[in-house]
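Bear in mind that the values here come from a model prediction, so they are computed numbers and not experimental data.
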Amino acid sequence: MPHDVDLLLTVAAGLGLAFAFGLAAARFHLPTILGYLLAGVVVGPFTPGFVADGALASQLAEIGVILLMFGVGLHFSLDDLMEVRRIAIPGALAQIAAATGLGALVSVLWGWSWASGIVFGLSLSVASTVVLLRALEDRGALDSMDGRVAVGWLIVEDLVTVVTLVLLPALASSMDLGTGTAASSAAAHAAPAAGGGSVLTILGLTAIKLAGFLAVMLVGGRRVIPWLLRRVVNTGSRELFTLAVLAVALGLAVGAAMLFDVSFALGAFFAGVIVSESDFSHEAANNALPLQDAFAVLFFVSVGMLFDPSILLRKPLEVITVVLIILIGKSVAAFALVRLFGYTNHTALTISASLAQIGEFSFILAALSVSLGLLSIESQSLIVAGALLSITLNPFVFRAVDPMSRWLDERYPTRHTDKTAPPNAVEPVLTAVQAAVRRHTGEMLAAPAGHVVIIGSGRVGFPVVRELHAQNIPYRVIEASGDIAERLAAAGYHVVHGDATTLPALREAGLADARLVLVASPDAWQARTVLARAHQLNPGVEVLVRTHSDDERQFLEDMGAARALFAERELAVSMTREALERFLPSVDLPELTKRILRGEPIPPLPGTAETRAAV
């Protein structure tokens, strides 16, 4: 075998085992991150057999961190955050404080210093965006109100982590590094040279460097990077565009660290934010995705290499405590906060389940803290153990959301929609949003009999609301988002702010006298619940629901929906009609529509009885 193949062996073993374990995790309907972490454990120094080069794995992981943070910046949406800012910003900050406090408290009881405890608690407070997005996509809830709140919440957590990554090296030089081990030499290298200055001096120098970095990025970067990408696009070379995106991500990350003493992660994050504002953000995301995925996998493998499985036997109580903080401590705090803000049990439980795991940002914080001497290797192993177990259990936590929500609704209904309220009653105690809606609409008159009730006013619901309003067809729209409800009310639309899965919200919209109900929300659970409660209030009402699968369409129609509109099938109708009208002006559109909506499958291959795919 040729010499100096350590890099090749590390990459080959890491990616190969990550694929095998990731595939196994997917077969058991578990997040693939779990498989990647286990692959790292197998090639790590704490298990027998082949041991990958730890130093090389660490450098590959650094590239993974840069590309992960670039992806976070690329997909960062200030609009998404602003839409749910009233709950996401204060809720996330309070939940981070609560989880950090819990982690710090148990750490001190274990004999650690407060400094180590705070960093340890902070590492446990941040959920994995990758795990959350996959869980919401699997449930079809990514575009629902619950999904938007959960994503906004994690955006705030990501931003807090980014700020922490900037400040931690500066603070480390003045903290008590009581982890039970001497501070590593990396701490002296990573912390800014403050000449023994005070904490305020260190923070002041860091703030000046950070301000300089932000000025360069926001003033120069916002002009130069889009200009550069536009010039590259004009060459027509896809390879050059991919290279340009990677050069921007890696170059800005390294340049930020070299020139301004900020972390690689922060430089990559802002590079992603700036690229996201250009006209080429989608192309940049698509082109960078393969390398981002590959190096992100190596990052998780490198984290797994740091995990000592023996800690499960040596420190079982500590491991259990960490898992309980992640699964129960964070979830209870989040549930209480969301309910305090007047959201429903289902939203509160969805947020709680979303946070009942930790992932990539926890690993980044832990790795930096170990290098600064704030955490020991054993502390890092506890964090990785908590991640492995919480990621494994998270799908089961999500499966408990719907039954737990129904159980809580029966016993502890949402305050602003008291289940004992008589039909069409208006709540005596209004939330701030409801009060704002009332200021715009006044005491809204009861809906006339035979009106339409629309659930949700997003990309599908609002065009319907707008046309009904323009045609003077009586309607009421139920909207869960406070910001959207206020805007609709201010524009003169007939809106009810509340959760459409609760009877009082449906009563306030006059569903008992409605002729038609349109469920425009993409949330499958919400569609089922609204359908059941609509027939409970008005057995003869027609209900049209939105769905994204044939199985769900059949299920909803069996439940009594007048029609379940399969979004992709309806799109097929439109596209086919557009095509045929150009060739066959006299085409029978009703018959065409019926054929497509029946969803006839692709015919089997000659000589086989197997249908290959469904349209």
Side-chain angles (χ1 to χ4, degrees), residues 143-145 417 423-426 433-434 436-523 526-527 529-547 553 556-557 560-567 569-571 573-574 577 589-590 593 597:
D143 292 327
S144 69
M145 185 61 198
T417 53
N424 298 318
V426 177
V433 174
Q434 288 173 312
V437 169
R438 293 292 166 81
R439 282 198 300 272
H440 292 299
T441 62
E443 289 298 325
M444 188 167 59
L445 297 176
H451 66 293
V452 183
V453 175
I454 305 100
I455 311 301
S457 55
R459 291 176 298 178
V460 174
F462 179 66
V464 178
V465 172
R466 184 179 56 208
E467 290 306 313
L468 293 176
H469 189 81
Q471 300 298 329
N472 292 319
I473 296 174
Y475 70 90
R476 293 291 183 271
V477 55
I478 303 177
E479 176 54 53
S481 168
D483 287 343
I484 294 176
E486 282 190 48
R487 285 156 50 194
L488 287 172
Y493 292 98
H494 304 303
V495 59
V496 173
H497 173 246
D499 178 12
T501 63
T502 60
L503 288 173
L506 296 173
R507 285 171 176 150
E508 188 173 342
L511 192 142
D513 299 316
R515 176 180 175 181
L516 180 65
V517 176
L518 304 177
V519 183
S521 166
D523 190 332
Q526 186 182 57
T529 306
V530 169
L531 177 59
R533 295 191 171 175
H535 284 147
Q536 178 183 346
L537 290 174
N538 186 347
V541 71
E542 284 191 283
V543 182
L544 305 185
V545 297
R546 173 184 173 189
T547 184
R553 177 185 62 80
L556 290 167
E557 291 183 351
R563 192 168 161 203
L565 301 172
F566 185 7
R569 198 85 70 209
E570 299 294 332
L571 178 60
V573 171
S574 298
R577 184 182 67 243
L589 292 179
T593 301
L597 294 181

Sub-4.5 Å side-chain heavy-atom contact between L565 and R546: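 Sidechains of R546 and L565: no contact.
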Does some side-chain heavy atom of L503 sit less than 4.5 Å from a side-chain heavy atom of Q536?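 Result yes, sub-4.5 Å side-chain heavy-atom pair found.
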Shortest non-hydrogen contact from [X] toward [Y]:
X	Y	result
G456	I454	O-CG2, 3.6 Å
R476	A509	CG-O, 3.6 Å
L556	A564	CB-CB, 4.2 Å
N538	A514	ND2-O, 3.0 Å
I478	A505	CD1-O, 3.8 Å
G560	H535	O-CE1, 3.2 Å

State the [atom1]-[atom2] distance between [X] and [Y], to the nearest 0.5 angstrom.
X	Y	atom1	atom2	value
Y493	R466	OH	CZ	6.5 Å
I455	L544	CD1	CG	11.5 Å
R569	L571	CZ	CG	11.5 Å
L516	I473	CG	CD1	10.0 Å
T547	R563	OG1	CZ	12.5 Å

Is there a side-chain contact (heavy atoms from CB on, under 4.5 Å) between V519 and L531 once you walk through the steps? CA-CA 8 Å; V519 183; L531 177 59; over 6 Å; no
Indicate yes or no for a side-chain donor-acceptor contact from E479 to the backbone of S457 under 3.5 Å, with no hydrogens or angles considered.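 A pair under 3.5 Å: yes.
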Taking H451 for its side chain and R515 for its backbone only, find out whether a donor-acceptor pair lies under 3.5 Å.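 Between the backbone of R515 and the side chain of H451 there is no qualifying donor-acceptor contact (under 3.5 Å).
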Parallel, tilted or perpendicular: which describes the rings of Y475 and H494, with under 30° parallel and over 60° perpendicular? tilted
Could you tell me whether E557 atom CD has more than 12 heavy atoms of other residues or ligands within 6.0 Å of it?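 Count over threshold, so yes.
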